[in-house]
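Here the structure is a predicted model, which is why all the values come from computation and not from measurement.
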Amino acid sequence: MRLNYLLEKLGFSKNESLVYLASLESGVASAQQIATKAGLKRTTVYSVLSYLVGRGVVAKTIQKNKTRFVPEPPDKLLSMVSELNRAIKESLPELQALYNTSETKPHIIFWEGGNAIHNVYEDTLRERPKEILEWNTDVFFDRFPKDYNYIEKRVKFGIKARRIAGKGSRWDTHHKYKDTRELSETRIVSKDLFWPNVEINIYGNKIAFMDYAENMSVVIESESITNAMRQVYELSWRGTQVPGN
């Protein structure tokens, strides 16, 4: 039910949602009347009503010396959202301070499914590093439709790339000849030595592993890990043959 989902997002438990909605329907009512409509035990409902009174969405009144419960107008929920929004804004400096203290710890993001690889490429465009270091796979060309021209997007943002790929791949037969146009430098190694189904990109303080076979990707954000992998890449780069040889 859409209303239950909405109330859940506002922090209502299942029973709190049932009691609140029953109260809205009942108007001025006793705990027993609300319990009957909600389909819950009176003792449970009375406890929940006390909590809802504390949250300000239900009020208490006395009629003929008996306690009755009155729902506040539904737009009271909007004030709850506003108060939460205000509280978050006031707490942001403190939350940001806590976040900054963890800068030395690796941040790991895992994606899976149809957009897992796409998400990494989009992240490189958001980060806009000066250069991306790439261990390339030929599967790239089979995955993305022509209307998603990642290389063109990268060039538009002025992001350079160094590319290592296998002999006979489309990086070898087509794209190394476009290095100038694609702001790239491509080096080719023997297919026997290098023909991966996984692509690895190093950019900014991030290293991304993209597994096309499993439709998954992992991005690790860590200055120390990325610096180490950059050194590994430089060793790979020096070991490659010059394009065209």
| request: Measure from the side-chain N and O atoms of D75 to the backbone N and O of L78, and report whether any donor-acceptor pair falls under 3.5 Å. | output: no

| query | Under 6.0 Å from the six-membered ring centre of F12 and within 45° of its axis: does the NZ or CZ of R55 meet both? | reply | yes

| said: Nearest 0.5 angstrom please: L52 CG to S47 OG, how far? | reply: 9.5 Å

| Do T124 and Y150 get their side chains close enough for a donor-acceptor pair, meaning under 3.5 Å? | yes

| said: How long is the straight-line distance from CD1 of I202 back to CD1 of I225, given to the nearest 0.5 Å? | reply: 11.5 Å

| Distance from I151 atom CD1 to I159 atom CD1, nearest 0.5 Å? | 12.5 Å

| Taking it one step at a time, do L84 and I88 satisfy side chain to side chain contact (heavy atoms under 4.5 Å, CB included)? | CA-CA 6 Å; L84 178 60; I88 291 174; 4.1 Å; yes

| request: State yes or no: do V232 and L193 share one hydrophobic cluster built from I, L, V, M, F, W and Y residues joined by side-chain heavy-atom distances below 4.5 Å, directly or via other members? | output: no

| Connected via hydrophobic side-chain network under 4.5 Å: Y20 and V70 | no

| task | For residues F69 and V58, report the shortest heavy-atom separation together with the two atoms involved. | result | CB-CG1, 4.0 Å

| field | Verify same cluster id: V28, Y46 (apolar side-chain graph, 4.5 Å) | value | no

| With no hydrogens and no angle check, is any side-chain donor or acceptor of T44 less than 3.5 Å from a backbone partner on L40? | no

| query | Backbone N or O of S30 within a donor-acceptor pair of the Q33 side chain at under 3.5 Å? | reply | yes

| message | Using side-chain heavy atoms (C-beta onward) and a distance below 4.5 Å, is L49 in contact with V19? | response | yes

| field | Within 6.0 Å of CZ in R181, more than 12 heavy atoms from elsewhere | value | no

| Quick one: do D179 and K176 make a salt bridge, cutoff under 4.0 Å? | no

| said: Using only atom types and a distance under 3.5 Å, with no angle test, would you say the side chain of N227 pairs donor to acceptor with the backbone of E223? | reply: yes

| Any side-chain heavy-atom pair from L6 and N4 closer than 4.5 angstrom? | no

| field | SB check K14 E16 (cutoff 4.0 Å) | value | no

| query | Closest approach of R187 and T240, non-hydrogen atoms and distance? | reply | CD-OG1, 2.8 Å

| message | Using 0.5 Å steps for rounding, measure from the CD atom of Q32 to the CD1 atom of I34. | response | 10.5 Å

| message | Under a 4.0 Å threshold between the charged nitrogen and the carboxylate oxygen, would E90 count as salt-bridged to R86? | response | yes

| query | Under a single-linkage definition using a 4.5 Å side-chain heavy-atom cutoff for Ile, Leu, Val, Met, Phe, Trp and Tyr, are Y212 and W195 assigned to the same hydrophobic cluster? | reply | no

| note | Here the pair of heavy atoms bringing L18 nearest to A38 is O-CB, 3.9 Å

| field | Whether over 12 other heavy atoms sit under 6.0 Å from K156 NZ | value | no

| field | Any donor-acceptor pair under 3.5 Å from N115 side chain to H118 backbone | value | no

| Stepwise side chain to side chain contact (heavy atoms under 4.5 Å, CB included) check, I108 with V219 | CA-CA 6 Å; I108 302 174; V219 177; over 6 Å; no

| message | Looking at every heavy atom in both I164 and F194, which two are closest together, and how far apart are they? | response | O-CE2, 3.5 Å

| query | Where do M210 and S217 land on the side chain to side chain contact (heavy atoms under 4.5 Å, CB included) test, with the steps shown first? | reply | CA-CA 4 Å; M210 292 166 274; S217 61; 4.1 Å; yes

| query | Do N201 and I207 come close enough that some side-chain heavy atom pair is under 4.5 Å? | reply | no

| Donor-acceptor under 3.5 Å (S91 side chain, A87 main chain) | yes

| task | Hey, could you give me the NZ/OG distance between K60 and S50, rounded to the nearest 0.5 Å? | result | 5.0 Å

| field | H175 vs F141, ring-ring contact (aromatic ring centres under 6.0 Å, His included): CA-CA, chis, key distance, verdict | value | CA-CA 11 Å; H175 286 271; F141 299 100; 5.1 Å; yes

| query | With a 4.5 Å heavy-atom cut-off, do R163 and E182 have their side chains touching? | reply | yes

| request: For side chain to side chain contact (heavy atoms under 4.5 Å, CB included), just list the numbers for Y203 and D123, CA-CA rounded to whole Å, side-chain angles, deciding distance to a tenth of an Å, and then say yes or no. | output: CA-CA 10 Å; Y203 57 101; D123 188 54; 2.7 Å; yes

| remark: Nearest heavy-atom contact between V120 and A208 is CG1-CB, 3.5 Å

| said: Within the supplied structure, the quantity of interest is the number of heavy atoms (other residues, nucleotides, ligands) at a distance under 6.0 Å from E122 CD; does it exceed 12? | reply: yes

| request: State, to 0.1 Å, how close A22 and K37 come at their nearest heavy-atom pair, and which atoms those are. | output: O-CD, 3.7 Å

| field | Polar side chain donor-acceptor pair, S184 to R154, under 3.5 angstrom | value | yes

| R162 and E131: CA distance, side-chain angles, deciding distance, salt bridge (Lys or Arg N to Asp or Glu O under 4.0 Å) verdict | CA-CA 7 Å; R162 277 195 276 164; E131 182 183 56; 3.2 Å; yes

| field | Pair E199-Y121, side-chain donor/acceptor within less than 3.5 Å | value | yes

| field | Spacing of I109 atom CD1 and E221 atom CD [to the nearest 0.5 Å] | value | 7.0 Å

| query | Going by an N to O cut-off under 4.0 Å, is there a salt bridge joining D142 and R170? | reply | yes

| message | Are M229 and F110 linked, directly or through intermediate hydrophobic residues, by side-chain heavy-atom contacts shorter than 4.5 Å (ILVMFWY only)? | response | yes

